[in-house]
Amino acid sequence: SSLIRSISGSVTSHVLQIVSALEAVVLRSFGPNGGQVLFTKDTGEAIVTRSGTRILTALRLKHPLARMVVDCVWKHSRATGDGSKNFILLLASLLRMFQTALQTTTAWRLAYELREFGMMKLDEIICLGVLPYGFCAKLENDPLDTHYLCVKKLLTPFFQTRLGQTHCDMISHLTCEFLMRSRVANNHPSSGLHFVYTNFPALHTTVSGVPVTCSRLIEGQVIHSDFAVHFPQTDKQPVKAVVFTQHVQPKLLGEGDILTVGFEDQAFKKKSIVEFTAWSEKSLQLVFASLQSFGVSVLLSAVKQSAAFLALAAQAEMCVVECVSEDELSLFARLSRTAPVLDCCAIEAVNVATLTFCCPLTLGVQRYECVVVTQFYGNVTTYNWSFFHYDCVLCLLFIYLFMYLLKLNFLFSFHRYVHVAFPHSEQDVVVNLSSLVICGSGKEQTDQYASAFQDSIRMLLTTYEPRGTTTLSDERTCLLTDEKTESASSSAPDLQQHVLDSCCVVPAGGAFEILLSRALLQHGDKYPVSRLLSDALLSVSRHICTQTSGRFSPAQAKVLTQCDGFSSKAVMSGSSLESVSCKHILLQSVLWCATSLLRVDKILYTHVVLNTDSQKSAGDSWDDTG
Amino acid sequence: MSRLVPKAPSACSDLPLDNAEICHKLILLKELLTSSFGPTGKLKQIHNNIGGHVVLTSTSSVLLQAISSSQHFVNLIKTSILNHVSRFSDCGLFAAVLCLTLVELAKQSGLAENVSVRLNKYFLDLCVSYMQGEDCGCRVKLDFSNSHNLITLARSVISSKPACMLTVQEVLHISKLAVQAFLLTLPCDKPGTITLGRTVTITVEGYSVLNSEVFTGLLVDVTCDLCLNRAINLNSGALPVVVFSTSLAGDFSELGEGIIEVLAGVDSESQILEQLLELGKQVVKDDVKLFVCQKVIHPVLQQYMRSQGIIVMERLGVNLMEPIIQLTGAQPVATLHSTIPASAYGKVMGISIKQIGSKTMLHLQPTRESVICTLVLCHRNETVLRELKLVCQKTEHVLRLALKDPAALLGGGCTETLLAAYIRHKCNEAEAAAQLRCSQSEYLLGMEVFCHSLEYVAKALDHDGGDSLIDLNHAHHWNQPVETMKNSLEYSLGNCGCGLLRNSPGMKWTYLNTAYSPFSASSSSADPTAQPRVLDSFTAKLNALQVAVETANLALDIRFIIQDLN
């Protein structure tokens, strides 16, 4: 039972209206001078963002075509982490160009040509018109510092558009440092990116109420739970730790179990209840005895343990951390190369992790625990506080000493976390693991920074490894060696491979758009859509250039003259770069989106009666409202 | 499926700072907070429509929590300031007033938002590096060889909360107690890792503030008379203590979810009680004098131990567990079937009865230097007592902040005027404007916005219609009371805001809202022995300044509001 409600007007003009409306929203936060958008969720939670995808999905649009566009944007940015606002701008200008072209041709014909062009010719034109002017940022080729210089230049424009200009330098420096420390030893550098991307939730800590400039890196892993029992581990070197994922004290009765209690020494061999609890405690004591035999002093647990467990741990002078999240435990297991204890009665050496230290990271302003050993502290004469006088020089002198000896591990946090670090060894998984501490004046800000961090890593992954899953295949190194010999004559899929594999970077700020639009005019004569695409790209670069340098035409001329005197050094000397493969993926998804929009002929609004009889009979009274 | 409702589209509004309603609300909020600022701030009474406590306050944390706006833009600023207060306890109103003034003035100046944001960040960096630099004129090194500065710092915090209703003498008394309690929580005999102790605060209503006191050790409420008679005899020698963290009521709470089937004639309860009494016998044998349990103790076991001369404390609660463990050095016990290890016992030096107001308390005295102390606060009624307790906790926090960075800032508005004078003096529009990619006139406009905002905060300290001035030698803040306005400046001014400078011949002043030619403030005081009378926490104020500017920048940067209406 579907009803056709409205079929009126040309769909393409409709599409243009919708995309222009989206463009108007996105332009508010476009580029380094763009502003932020405050979005309040239905739960009342506030989000501050500059991310195009976040803004567009927040709008909760009703129109089906608009939803289709937003869906395309969402898919694109999930894959590359970047370019959602560019997507809308390019789509809008492309559709505007089509509006005039449609006077001579049909939408369907245009869609066909566009698709054809995107499939067959675009890669070739990028190879001819853009790649020669770029710099190949292959990970294998570069020494590490050049590589991270390039990463930093890629990150700077990204954070400029995502977080604004005030903090982008600091944040891109921090991210770069973070990635440098988190690279995986003896492995392809991009596996470090993969490692950070998958473990990001466990690798960062957000702290609100403190300025962004306090964000920093700290060595080791931060476990986001407090000690349930804490003993300072100063004299024990190294610290041994064990992970539990379940209750150590056996629960006597599971659900559905029946315990029959009787008198002691009866004919039925029934035992008294006291013996059951005694057995439970005894088994717990055996676990602790075996832990002590391994010299374990830190216990991490995924669940809340019993009071007896905590008390026994305190008596054995062990630290206990409860309710550790699964992400953190799996990262811990990976870094320490140990396995969590499955059977509490059989703890083995493989379960015992070795740490260089384990201390509370707090910190904070409220609690100052966790401090560092002070050697000469013991020599200071103990002062008896009971003789307290306000102006007692001795006691205050003492505090004076105290303060200088005390090296507070100060994180401005209310929450006390557990801070662990792993010893370095030859076959380290991660070279120098660090955790990221993200500060901000509010939760909205720290969340914004955290999601920008994650997207930036996604963006870098797209830059260095656009094909995603395959890491370091032989085929790829082959392609690299005869890079120069391959030319426009090869078939289309190889060319695409070539564009993606080249890891090419060009100066940020509209250079790609200007170069490509020129190349489209030079090499794409045979295709009528190539001219349209060229004009569309030019109008996008106009937006970008007016953002960065104020006027457009001088900027365009500057880019072209710069690129013509091409050398890779010149490209690298610029302060910011962007990746060709990200742009390539963006172009392809915009073309795909435009094609599918153009192919829509009519919109049918269907009305579905939600309340069928069969549901009604099964449902409750509140089903009637539908 | 029938419950699926299509999501309604979100409501969007453009450029919130051009919206008259939002601007009006921001101004209202600024006026409200400005009027509560400082030692002479006006008090606010908060009550809700369904009854409950009436709160009398001028504290930012309480005030801001009570305000909630339908405009999420306003709430964004509010939560930012609250986040700062929750971490630093101090300078919340300073941050709020500065932030709101910055937003308002930047809007009025007509500067483009992104230029304002860049300039604010630039001036903030200038301020921060000045405040942390060696030649900073507004920072005072906290000298720990003399408690004077510590007490001044505490007094500044306490006197800036007029809702405590304290006289000058009472403020000094409470400040001294706060400093004493703070010093008692610093450990001094343990080498290695240092753990700061805890102050437990007890409030007693209906007595003069001067009756407030600090005790070493813990004061615990006791209700039963039986143990009191015993306690009087126990005040010499180290007395063994045992602390249980599990329930001793003989229940089966930890058994699990299954079903227990009891054979006819079996008395499980008495079996368990027998087990508990075994425990009691061991405790008696080990000569324990104080038996503490976090949860409930079986009455029979209680009775048995009392008859053996043991003081029993049950239902202590989780909050007091940590201090009592720190005080006694005991380890909590939670096993019932094994003998209590000797290492689990703790010790107290003495147990005595303290009668404080209407409350009878058990005083547990520590054996060695303990880092636990109890602060007993007295005041005339409940409302002011609640505020006083809050203020004392904040003071302790501020003093602890001073441990990290032993410095303080001149209070009374002097830091703000000094910073404004410093920025004006450092101004080099040609160079900085090129660096910030803005025109020189934009730079000068942005500088005036920033400096005026700082000076506005200094001016906000006065609520009686007096005039605010700045002297042209040291750039300190001076206040001319309204009753002396007819006299010339030389005769009507006494001390500057922080009390470091005295009115002396040859000084020149100008009103705060008038332009003055930039000068370099000299930091040397005429009288080298002079001590500032008002000090602010360095760490808290530095953070407040940064949070205020960052929040203002965030507010200026928001161009679009999307509100989900589902």
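Below, chain A is the first sequence line, B the second, and so on; all start at residue 1.
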> When heavy-atom pairs shorter than 4.5 Å are enumerated against chain A, which of B:T79, B:D14, B:V117 gives the highest number?
Replying inline: B:D14
> Is a side-chain donor-acceptor pair under 3.5 Å present for A:Q165 with B:R118?
Replying inline: yes
> What part of A:L59 is in contact with chain B, defined as an atom under 4.5 angstrom from a non-hydrogen atom: side chain, backbone, both or neither?
Replying inline: both
> Side chain, backbone, both or neither: which part of B:I81 has a non-hydrogen atom closer than 4.5 Å to chain A?
Replying inline: neither
>> For B:Q563, which atoms come within 4.5 Å of any heavy atom of chain A: side chain, backbone, both, or neither?
In response: both
With a 3.5 Å cut-off and sequence neighbours excluded, list the donor-acceptor pairs that the side chains of residues 544-552 of chain B form with protein atoms.
| from | atom 1 | to | atom 2 | distance (Å) |
| --- | --- | --- | --- | --- |
| B:E550 | OE1 | A:V212 | N | 3.2 |
| B:E550 | OE2 | A:V212 | N | 3.1 |
| B:T551 | OG1 | B:S80 | OG | 3.4 |
| B:T551 | OG1 | B:V547 | O | 2.6 |

> With a 4.5 angstrom heavy-atom cut-off, which part of A:T43 approaches chain B: side chain, backbone, both or neither?
Replying inline: neither
>> Given heavy-atom pairs under 4.5 angstrom as the criterion, report whether the side chain, backbone, both or neither of B:N114 touches chain A.
In response: side chain
> Side chain, backbone, both or neither: which part of B:A8 has a heavy atom under 4.5 Å from chain A?
Replying inline: backbone
>> If I measure from the heavy atoms of chain B, does A:V37 come under 4.5 Å with its side chain, its backbone, both, or neither?
In response: both
> Looking only at side chains, do B:S343 and A:Q315 share a donor and an acceptor under 3.5 Å apart?
Replying inline: no
>> Set out, in order, the CA-CA distance, both residues' side-chain angles and the distance that settles side chain to side chain contact (heavy atoms under 4.5 Å, CB included) for A:L38 and B:L76, then state yes or no.
In response: CA-CA 9 Å; A:L38 173 67; B:L76 185 75; 4.1 Å; yes
> Under a 4.5 Å heavy-atom cut-off, does chain B meet the side chain of A:I47, its backbone, both or neither?
Replying inline: neither
>> If we define contacts as heavy-atom pairs under 4.5 Å, which of B:P16, B:P341, B:A11 has the most with chain A?
In response: B:P341
> A:G442 and B:N83: which non-hydrogen atoms are nearest, and at how many Å?
Replying inline: CA-ND2, 3.3 Å
> Under the side-chain hydrogen bond (donor to acceptor under 3.5 Å, both in side chains) test, which residues partner A:K443, sequence neighbours left out?
Replying inline: A:D447
